[in-house]
Amino acid sequence: MTPRQNSPQIGDEQVKLLERLSNACAVSGDEGEVRKIVLSEVKPFASEVKVDALGNVLVTRKGVGDRCMRVMLAAHMDEVGLMLTHDEKDGIYRFEAVGSIQAADLAGKAIWIGKEHIPGVIGLKPLHLGNGDDRKRPVDMDDLHLDVGLVSGKEKVGDRATFATTFVQIGPSLRGKALDDRLGVATLIELVKTAPPNIDLLAAFTVQEEIGSRGARVAAYAFNPDLAIILDSTPAYDLPAWDTDENVRYNSRLGAGPAIYIADAGTLSDPRLVRYLIRIAEENNIPYQLRQPGGGGTDAGMIHRQRAGVPSVSVSVPGRYAHSPASIVRLSDWQDTMSLVSIALHSLPPDLLTVDR
Ligand SMILES: [Zn+2]
């Protein structure tokens, strides 16, 4: 990581902020805990801050002059998790997943429930009591229940639950829950604080991305931007190939820099924005990678087709084990993502979107 001009640097302060964001609980539709942190961080730097009807935080930081490009940046505040759906008495609850979670990631995990982070566990029948067939069968959501150990009484149906994972730095890496997309949130906070004067920065800290980018849809309508850059975290499945010659479906790799999207399941990125980001990365010696096209998606899926259309591109920090109790990411990828987007904003040519695609 070499310091670059026009790029905020990630130091202890930024890692501490990410730690607070990662440890906060904000399953879709219940983003208040993260929203509170965002509001306190951005308010001193904003021209205007609004919390809209769905709970998005919409921050405007105006540039100098009245002909600035209106650049929307988006990062989602919510995380995947669980919702208590039925009280079975004795501190036991049935639940449903909120967002995409696989049952295999749930069994036996410690959780926090509700705004008070009530501790609990996701229970599965112990192996001692199963027969051979039980052990071969994949875990199903219906085999699982939540257990708070009888005593709390403060939790209720409708409360959300998240993995009880505490953030930690491990050398050049970070481990935590919900780094998808608290990394984007932490990056966007820093970009608001260091916004350049040549653009109107429109920062959307969105709600409900994990259940279909519902917040981003209304945020883009409200901002009506000229273009949008979406900051997220994308899976890295860059593991050694134990049983094949080569691992060719890794999506993205740790340590290879920001993952620029050409396409995903919901969006074809605007080629002018893709080319521009690649040029900025190469001119500034910032490592970057093109995320493998295919499945998955970001808030871009809703933003790019709002109103008369919004040229959009996503840039993600790669992370292993997304939507599980703990992800692993590299500090260098976070820094390089921050640098790429920050420098791209500082040098944004006013005629970027007038050239042919
Ligand atoms: Zn995400």
Side-chain angles (χ1 to χ4, degrees), residues 18 21-31 33-35 37-38 54-57 72-82 97-102 105 160 162-163 165 167 174-189 191 203-217 219-220 228-237 251-252 254 258-261 263-267 269 289 291-304 312-330 333-334 337-338 341:
L18 180 63
L21 289 165
S22 173
N23 291 345
C25 298
V27 177
S28 310
D30 188 27
E31 295 90 352
E33 213 175 312
V34 167
R35 185 164 44 240
I37 298 173
V38 169
L54 295 193
N56 294 309
V57 179
M72 177 175 180
L73 298 179
H76 67 90
M77 296 189 288
D78 62 318
E79 66 190 286
V80 297
L82 310 175
V98 180
S100 313
I101 299 190
Q102 32 186 10
D105 281 327
R160 310 299 200 280
T162 55
F163 298 112
T165 306
F167 178 94
L174 307 169
R175 188 209 70 180
K177 75 166 182 67
L179 295 178
D180 166 14
D181 185 25
R182 303 295 150 69
L183 275 167
V185 170
T187 306
L188 186 47
I189 287 171
L191 293 171
F205 297 87
T206 64
V207 295
Q208 301 185 33
E209 190 268 356
E210 297 291 1
I211 51 171
S213 294
R214 299 173 192 183
R217 182 175 181 165
I229 301 174
I230 291 78
L231 306 169
D232 212 319
S233 176
T234 194
Y237 190 57
N251 189 58
S252 67
L254 295 199
I260 301 169
Y261 289 49
D264 62 31
T267 315
S269 298
Q289 55 190 317
R291 175 189 176 274
Q292 287 187 334
T298 70
D299 273 341
M302 279 298 175
I303 293 169
H304 83 282
S312 300
V313 66
S314 297
V315 181
S316 275
V317 181
R320 290 192 189 135
Y321 322 117
H323 293 201
S324 84
S327 292
I328 298 274
V329 304
R330 293 268 190 279
D333 289 329
W334 183 22
T337 302
M338 184 104 80
V341 179

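Just so you know, these numbers use all the heavy atoms, side chains as well, and skip hydrogens, waters and symmetry mates. Keep in mind that this is a model prediction, so the values were computed, not measured. Atoms within a ligand are numbered from 1 in the order they appear, just like the ligands themselves.
- When the N, O or S atoms of Asp232 are ranked by distance to the Zn ion (ligand 1), OD1 comes first.
- For Asp180, the nearest N, O or S atom to the Zn ion (ligand 1) falls under 2.8 Å.
- Inspection of the Ser213 and Asp299 side chains reveals an N or O donor paired with an N or O acceptor under 3.5 Å.
- Distance check, rounded to the nearest 0.5 Å: CZ of Arg214 to NE2 of His76 gives 14.0 Å.
- For Glu210, the side chain to side chain donor-acceptor pair (under 3.5 Å) partners are His323, not counting sequence neighbours.
- Evaluation of the side chain to side chain contact (heavy atoms under 4.5 Å, CB included) rule for Asp264 yields Tyr261, Thr267, Arg291, Thr298 as partners, not counting sequence neighbours.
- Note on Glu210: not counted as a metal contact of the Zn ion (ligand 1), no N/O/S atom lying under 2.8 Å.
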